[in-house]
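Written below as structure tokens is the structure these notes are about.
Any value given below was found using the heavy atoms of this structure, including those in side chains, with hydrogens, waters and symmetry copies removed. In what follows, chains carry the letters A, B, and so on, assigned in the order in which the sequence lines appear, proteins first and then strands, with residues in each chain numbered from 1.
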Protein chains: 2
Amino acid sequence: MKKAATIRDVAAQAGVSVSVVSRVLNDTGPVAPAKRAQVLEAIEALNYRPRRAAQQLSHGQSDTIGLLLADLTNPFFARLADRVVAEARSRELQILLMTTQEDPHLEAQALETLLDRSVGGMIGTPTGHNIERWEKLASLDIPVVFVDRSISQFQHMDVVSIENIESAATATRHLLARGHRRIGIISGPLDTTTGLDRVRGYEQALQEYGLARDDRLVCPAPFRGDRGATAMAQMLSLADPPTGVIVANTAQVRVTLRMLSQARVSIPDDLSVVVFDDNPWTELIQPPLTAVRQPIDMLALHSVELIHARMRQKLPPTPRHVRVAAEFEERASTSRVDPDDG
Amino acid sequence: MKKAATIRDVAAQAGVSVSVVSRVLNDTGPVAPAKRAQVLEAIEALNYRPRRAAQQLSHGQSDTIGLLLADLTNPFFARLADRVVAEARSRELQILLMTTQEDPHLEAQALETLLDRSVGGMIGTPTGHNIERWEKLASLDIPVVFVDRSISQFQHMDVVSIENIESAATATRHLLARGHRRIGIISGPLDTTTGLDRVRGYEQALQEYGLARDDRLVCPAPFRGDRGATAMAQMLSLADPPTGVIVANTAQVRVTLRMLSQARVSIPDDLSVVVFDDNPWTELIQPPLTAVRQPIDMLALHSVELIHARMRQKLPPTPRHVRVAAEFEERASTSRVDPDDG
DNA sequence: TTGTATGCGTTATCAT
DNA sequence: ATGATAACGCATACAA
């Protein structure tokens with residue numbers, strides 16, 4: 001096994017100079033048809049492929065985008081990754097995958113790694129704990145796009161998310177319209193937009209019905225662990241438990257449902273449930289769950305498109321916030337209730 | 001925004017030569033304590049990080065491993081990716097993610113991309129249709145490890161998989177022991193090891209009971225689409241339908257279950273079901289499914305370990321086949337049946 | 001239209 | 001212990 005061919009080998013084989021080879025390769029500049037043929041032939045014969053590392057070093061740009069997600073165990077992020085990979089491919093971009101497991105320490109480590117400029121841009125879901133490192137990345141001219149969630153401190157950065165406030169309000173109104181007056185919500189951490197905005201939308205809908213928020217029914221849970229399940233249990237043990245609940249923390253949906261199942265809470269008879277999720281497996285669950293479906297392909301599309309544009313500096317430096325609408329899908333986990341019972 | 005610091009800038013700032021900086025960076029060769037301090041200080045001050053591309057070009061090796069999976073929509077692959085990323089991180093390896101969507105064309109495209117030596121090794125699930133390209137990769141001295149599945153043509157390459165034959169035999173014996181005599185199996189394509197070996201294990205168990213294989217009960221389905229569902233429907237419409245079925249194609253589990261649900265086939269009363277899967281969502285399904293649980297963390301661990309060793313040429317060139325045991329988990333989707341009914 | 005020469009940032013060799 | 005300097009493979013400005 002002899003060592004791989006370089007551009008010089010090709011040039012020699014074709015009897016031309018390296019510039020000519022480079023030109024036919026990148027279609028940059030003129031080249032005589034005859035020579036072009038020779039070059040192509042040589043490339044084929046030598047099985048030549050330009051080395052990414054060399055190209056990158058030469059013109060100082062990386063066509064790799066770092067994708068820093070929370071955790072691929074969550075089908076939401078897994079599907080997001082799937083679509084991001086697809087969108088990236090159609091633009092000839094590579095995806096360097098990393099996960100934080102919602103652990104700030106791992107996130108820090110990942111960001112630290114990327115400081116070597118191995119990526120030309122970043123798409124990520126921040127844990128909320130490494131503000132300065134994200135900033136440092138950006139200050140190194142590595143564009144960053146947050147997807148799904150953001151952090152209040154990052155107002156000046158690009159974000160692609162669903163319409164969280166509106167989606168939560170819709171879910172809440174759905175229950176309100178069916179007579180529910182005591183509605184619980186299990187949200188994400190309030191320092192993330194997915195946590196805060198969904199609670200906001202929830203409160204907004206309550207206000208429309210002249211209802212005040214009951215703090216015992218608003219339970220922010222971390223994205224990690226099964227705090228959502230214990231929060232659910234606590235709500236159910238109240239003297240006046242909720243008749244409906246919105247699980248607005250995608251990462252807590254599964255554990256919450258498992259807890260309800262184990263506690264033999266009947267859905268929707270004992271409790272109406274709306275979830276933020278669009279896991280294809282939910283359709284196999286009994287009863288099928290009423291859900292806010294996140295348009296994952298749109299999130300992926302816009303994230304990649306945005307980061308791609310930034311990488312090519314095709315955009316004015318003003319921060320963008322792309323919000324895509326989510327669909328509300330009524331299924332069988334929510335039922336009507338007598339408002340006076342609440 | 002001034003341009004990022006290079007090793008030369010650091011050297012200048014510290015009043016030393018680049019060699020000294022390189023030595024403190026890589027701990028290769030001696031350096032006076034005093035100068036070392038200056039260098040460290042300069043690095044800190046200039047916020048310097050060595051560029052990956054330059055390092056890579058210099059010593060011609062990539063610490064990135066390509067991960068080519070079928071599809072992250074399948075929780076099995078998603079979890080596998082999650083664990084591979086984790087294992088890679090602990091070894092300071094990066095993961096370049098690509099998907100085939102089980103499409104040979106996309107697989108070809110992905111492999112073609114990797115010919116640029118941007119990765120130092122590959123972990124993947126082959127579709128079965130790009131033999132020569134996989135070979136070419138390997139001939140370029142880019143080590144390849146197949147995970148989960150392999151192809152019969154690839155006997156000479158590294159593989160990490162579960163004990164497919166044994167696992168399928170166990171599943172089959174489980175049903176046989178409960179009186180089932182007509183047992184169907186929905187497998188993967190027979191040109192993949194996951195397809196062929198599982199059918200082999202199934203047949204082996206049947207033979208132990210003196211049973212002959214009925215071709216109508218053996219249904220290989222592609223990993224893509226919902227052929228598993230139609231195969232299931234066909235089996236059920238036989239004059240003598242199976243009383244038990246093994247869904248040995250992970251990618252077909254969901255669609256098959258959906259079909260059964262829609263057809264109002266009661267599990268396990270009308271049909272006993274064993275699935276190859278270890279999706280955490282299955283526990284929410286009624287009834288909980290008897291399953292062959294694949295030890296995903298072990299698959300990831302061995303894959304990364306193996307490719308890492310290959311990348312460092314720490315291994316004799318003989319191909320390795322790491323097989324890890326799968327657990328059989330009996331739950332509620334299989335029941336006893338009177339053998340005479342079959 | 002083609003070729004030469006230089007730079008990209010790092011590592012490694014080899015004098016000093 | 002330290003510092004020039006030559007690779008590494010490619011792109012490109014500039015000369016021919």
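Residues passing the ring-ring contact (aromatic ring centres under 6.0 Å, His included) test with A/F223: none are found, sequence neighbours excluded. For A/D63, the salt bridge (Lys or Arg N to Asp or Glu O under 4.0 Å) partners at least two apart in sequence or on another chain are A/R52. The salt bridge (Lys or Arg N to Asp or Glu O under 4.0 Å) test applied to A/R83 returns no partner, not counting sequence neighbours. Every residue two or more places apart in sequence or in another chain that forms a salt bridge (Lys or Arg N to Asp or Glu O under 4.0 Å) with B/R91 is listed here: B/E87, B/E305. Residues satisfying the side-chain hydrogen bond (donor to acceptor under 3.5 Å, both in side chains) criterion with A/T99, sequence neighbours excluded, are A/Q101. Annotation: salt bridge (Lys or Arg N to Asp or Glu O under 4.0 Å) contacts of B/R310 (sequence neighbours excluded): B/D158.
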Check: residues 313-320 of chain B side-chain donor-acceptor pairs under 3.5 Å, at least two apart:
none

Below 3.5 Å, can you tabulate the donor-acceptor pairs from side chains in residues 111-118 of chain A to any protein atom, sequence neighbours excluded?
unit_1: A/E112; atom_1: OE1; unit_2: A/R133; atom_2: NH1; d: 2.3
unit_1: A/T113; atom_1: OG1; unit_2: A/Q109; atom_2: O; d: 3.0
unit_1: A/D116; atom_1: OD1; unit_2: A/S118; atom_2: N; d: 2.8
unit_1: A/D116; atom_1: OD1; unit_2: A/S118; atom_2: OG; d: 2.6
unit_1: A/R117; atom_1: NH1; unit_2: A/L115; atom_2: O; d: 3.2

Which pairs of donor and acceptor atoms, one on a side chain in residues 7-18 of chain B, lie under 3.5 Å apart (sequence neighbours left out)?
unit_1: B/D9; atom_1: OD2; unit_2: B/T6; atom_2: N; d: 2.8
unit_1: B/S17; atom_1: OG; unit_2: B/S19; atom_2: N; d: 3.4

Pairs under 3.5 angstrom, nitrogen or oxygen only, protein versus nucleotides 9-13 of chain C, please.
unit_1: C/dG9; atom_1: N7; unit_2: B/R8; atom_2: NH2; d: 3.4
unit_1: C/dT10; atom_1: OP1; unit_2: B/Y48; atom_2: OH; d: 2.5
unit_1: C/dT10; atom_1: OP1; unit_2: B/R51; atom_2: N; d: 3.0
unit_1: C/dT10; atom_1: OP2; unit_2: B/I7; atom_2: N; d: 2.5
unit_1: C/dT10; atom_1: OP2; unit_2: B/Y48; atom_2: OH; d: 3.3
unit_1: C/dT10; atom_1: O5'; unit_2: B/Y48; atom_2: OH; d: 3.4
unit_1: C/dT10; atom_1: O2; unit_2: B/S58; atom_2: OG; d: 3.1
unit_1: C/dT11; atom_1: OP1; unit_2: B/N26; atom_2: OD1; d: 3.2
unit_1: C/dT11; atom_1: OP1; unit_2: B/N26; atom_2: ND2; d: 3.1
unit_1: C/dT11; atom_1: OP1; unit_2: B/Q55; atom_2: NE2; d: 3.0
unit_1: C/dT11; atom_1: OP2; unit_2: B/S22; atom_2: OG; d: 3.3
unit_1: C/dT11; atom_1: OP2; unit_2: B/N26; atom_2: ND2; d: 3.4
unit_1: C/dT11; atom_1: O4'; unit_2: B/S58; atom_2: OG; d: 2.7

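The span of DNA chain D lying next to chain B, judged by atoms under 4.0 Å from heavy atoms, is bounded 5' to 3' by D/dA1 to D/dG9.
For the helix from C/dT1-D/dA16 to C/dT16-D/dA1, the end axes, each set by the C1' atoms of five terminal pairs, are bent relative to each other by 40° (nearest 10°).
A salt bridge is defined here as a Lys NZ or Arg NE, NH1 or NH2 lying under 4.0 Å from an Asp or Glu carboxylate O, and B/E102 with B/R149 meets this definition.
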